[in-house]
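Proteins get letters first, then strands, A, B, ... in listed order; numbering begins at 1 in each. Hydrogens, waters and symmetry mates are skipped; everything else that's a heavy atom, side chains included, is used.
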Amino acid sequence: MRIEQHPILEFDRKEKITFFFNGQEMEGYASETIVAALHAAGVKELGKSPELHRPRGLFCAIGNCSSCLMVVDGQPNVRACVVKIKPGMQVELQSGKGDLK
Amino acid sequence: MINVEILIVGGGPAGLCAANAAADLGASVLICERDEIPGGQLVKQTHKFFGSRKQYAGDRGIAIGDFLLDEVINDPKIEVMPDTTVIGIYEDGLVLAERSEEIIKINPRKIIIATGAAEKFLTFPGNDLPGIYGAGAVQTLMNVAGVIPGERVLMVGAGNIGLIVSYQLAQAGVETAAVIEGAPTIGGYLVHASKIQRLGIPVRTGYTIKEAYGDGKVEGAVICRLDAAWNMIEGSEEDIKCDTICLAVGLTPLTELCWQAGCEMAFIRELSGHVPLIDKYLQTTNPKIYVAGDVSGVEEASSAMVEGRLAGYSAACSLGYGLDTAPSLQAGAMAELDELRAGPMSDRIRQGVEKVEKMVTKGGV
């Protein structure tokens, strides 16, 4: 959920754009990272762990920890916490380490 | 190949202050910052800082980041390279950085490593469920993206970060079920604790998280009491319904580049991990490399800014800049650090810094 009113901050979210999550059309704002847009839509699971296939979510949000790796426009291991959404971007859950094409 | 006098790795409070200080003495500076905008973690600090006026006390972290950035951007001696991650420092001092999937070579005369710290994790069953975040991640989501992490939070850790983030969650309209703290007392400043207690958020000392549970994401947590030896007390378990668990259990220095560059390192518990051995001018055992901020021991943004200035003066002075003015500027910064570390809340830091000093006089640097 997005914060609409805040006692200190104002959020300049820029224009609304459309991207895809596992093939499903979603809306976000141009200022948002992939995880911010997904969280705003209530999506917390970003992938599955390599061995036990346990769900993986966001942990550090600044590109340190690799918990949020996703497949973006066909490329695996993209840090969804620091990459911003773009119009038409295809974002997918990543299972394990991903495959290089 | 980019030739530069001083390369600063990291554009947070330490790196920006280092750049200003070095440029003030006349050195030319390049800042490599992995994010698209420098400022480090100041961008999400909506609370007002303590300390003295010199460290911008009374201003909010976000505003301090803006001041520092303005100074840097308006200084012709400083170049800022955003979206650029330094990935390697070679034996001969060559630095490699990655920008938009392109590798850049940098040949600096001196390097100031100001890479900051990373959040610590905690071991308990279910700790990998989506919905469990480091406290900094919650701040990034809320205060930078304007997105809330969930509806109801269990905060683990009552140090300053746990307390401040609980207050910030309330400002964003999110409920905090409880703040739990393993230690018998609240670790952070009481002024922060009082603010959240006034909101009705319980701070429960002597409690830890036993497990997190949920189907695919956090649905709740089991907390329990700890005895004086930090063992879980059986039968004291309590169920807390929450969709978010926020771990505010400290940070650890991000020292990969220091290791790579062959700086002598030591594990100093009081400084929260492995840190480079440094002298009082913040020079490491690799004479080309200085450090500033959390990378040399986890502390506060205010001390990171002062360390940044000190490292900036030292690095510039080592290249022959400001030979007449640098000594008094360095002494001033050292005195400010002593002042910041004088209070009883800084016992640990002082002990850590003293340990490093002892190791250094034994023949480190």
Side-chain angles (χ1 to χ4, degrees), chain A residues 1-14 28-70 72-73 75 77-85 93, chain B residues 12 34-36 40-41 43-48 60 62-63 83 85 101 115-121 126-151 168-174 214-218 243-244 247 251-252 254 256:
Chain A
M1 228 168 43
R2 290 186 183 86
I3 301 168
E4 299 304 339
Q5 284 209 318
H6 195 284
I8 298 168
L9 299 169
E10 278 174 47
F11 300 102
D12 174 18
R13 296 196 161 99
K14 304 202 163 66
Y29 290 91
S31 63
E32 291 179 333
T33 58
I34 296 169
V35 291
L38 290 178
H39 262 75
V43 176
K44 290 194 172 184
E45 182 179 328
L46 310 173
K48 298 272 193 208
S49 69
E51 296 292 329
L52 300 173
H53 310 290
R54 290 173 61 86
R56 283 286 171 265
L58 176 70
F59 179 71
C60 83
I62 52 170
N64 283 337
C65 78
S66 301
S67 183
C68 67
L69 300 181
M70 300 187 82
V72 175
D73 290 334
Q75 188 185 341
N77 301 324
V78 173
R79 293 174 300 172
C81 70
V82 290
V83 172
K84 294 202 163 155
I85 53 167
L93 288 173
Chain B
R34 69 177 175 182
D35 202 4
E36 63 177 346
Q41 306 316 310
V43 294
K44 58 201 191 192
Q45 309 302 339
T46 52
H47 61 286
K48 290 180 181 169
R60 296 183 197 282
I62 32 176
D83 287 314
T85 307
E101 303 193 357
T115 41
E119 295 200 69
K120 283 184 185 164
F121 203 41
N127 67 357
D128 62 343
L129 280 172
I132 299 179
Y133 310 91
V138 166
Q139 281 188 308
T140 303
L141 266 183
M142 282 192 307
N143 299 345
V144 180
V147 173
I148 56 171
E151 306 281 335
Q168 293 176 358
L169 279 160
Q171 288 177 317
V174 180
D215 182 15
K217 59 185 178 192
V218 172
D243 60 4
T244 303
L247 301 180
L251 299 145
T252 192
L254 269 176
E256 290 89 341

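- Here the shortest heavy-atom pairing between A/Gly57 and B/Pro130 reads N-CG, 3.8 Å.
- In this structure, the side chains of B/Arg34 and A/Asn64 come closer than 4.5 Å at one or more pairs of heavy atoms.
- With respect to chain A, the highest number of heavy-atom pairs below 4.5 Å among B/Leu247, B/Thr46, B/Leu254, B/Asp128 belongs to B/Asp128.
- With a 4.5 angstrom heavy-atom cutoff, B/Ala117 touches chain A only via backbone atoms.
- In this structure, no portion of B/Gln139 lies under 4.5 Å from any heavy atom of chain A.
- The line from CD of B/Glu151 to CE of A/Met1 is 4.5 Å long, rounded to the nearest 0.5 Å.
- Only the side chain of A/Leu9 comes within contact range of chain B, with at least one heavy atom under 4.5 Å from a heavy atom of that chain.
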task: Starting from the C-alpha separation in whole Å, work towards a yes-or-no answer on side chain to side chain contact (heavy atoms under 4.5 Å, CB included) for B/Leu141 and A/Leu58.
output: CA-CA 10 Å; B/Leu141 266 183; A/Leu58 176 70; 4.0 Å; yes
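- In this structure, B/Tyr133 and A/His39 have tilted ring planes: the angle between them lies in the 30° to 60° band.
- A distance-only check finds a donor-acceptor pair linking the side chain of A/Lys44 to the backbone of B/Pro149 [under 3.5 Å].
- Heavy atoms closer than 4.5 Å to chain A are found nowhere in B/Asp35, neither backbone nor side chain.
- For the residue pair B/Ala172 and A/Ile3, the shortest heavy atom distance occurs at CB-CD1, 3.6 Å.
- For B/Val144, the part lying near chain A is the backbone, with the side chain staying farther off; criterion is any non-hydrogen pair under 4.5 Å.
- Both the backbone and the side chain of A/Phe59 come within contact range of chain B, each with at least one heavy atom under 4.5 Å from a heavy atom of that chain.
- For chain B, the nearby part of A/Ile8 is the side chain; its heavy atoms alone come within less than 4.5 Å.
- Shown here for B/Gln171 and A/Pro7, the closest heavy-atom pair between the two residues is O-CD, 3.4 Å.
- Ranking B/Glu119, B/Arg60, B/Lys217 against chain A, the residue ahead of the rest is B/Arg60, based on heavy-atom pairs under 4.5 Å.
- Both the backbone and the side chain of A/Arg2 come within less than 4.5 Å of a heavy atom of chain B.
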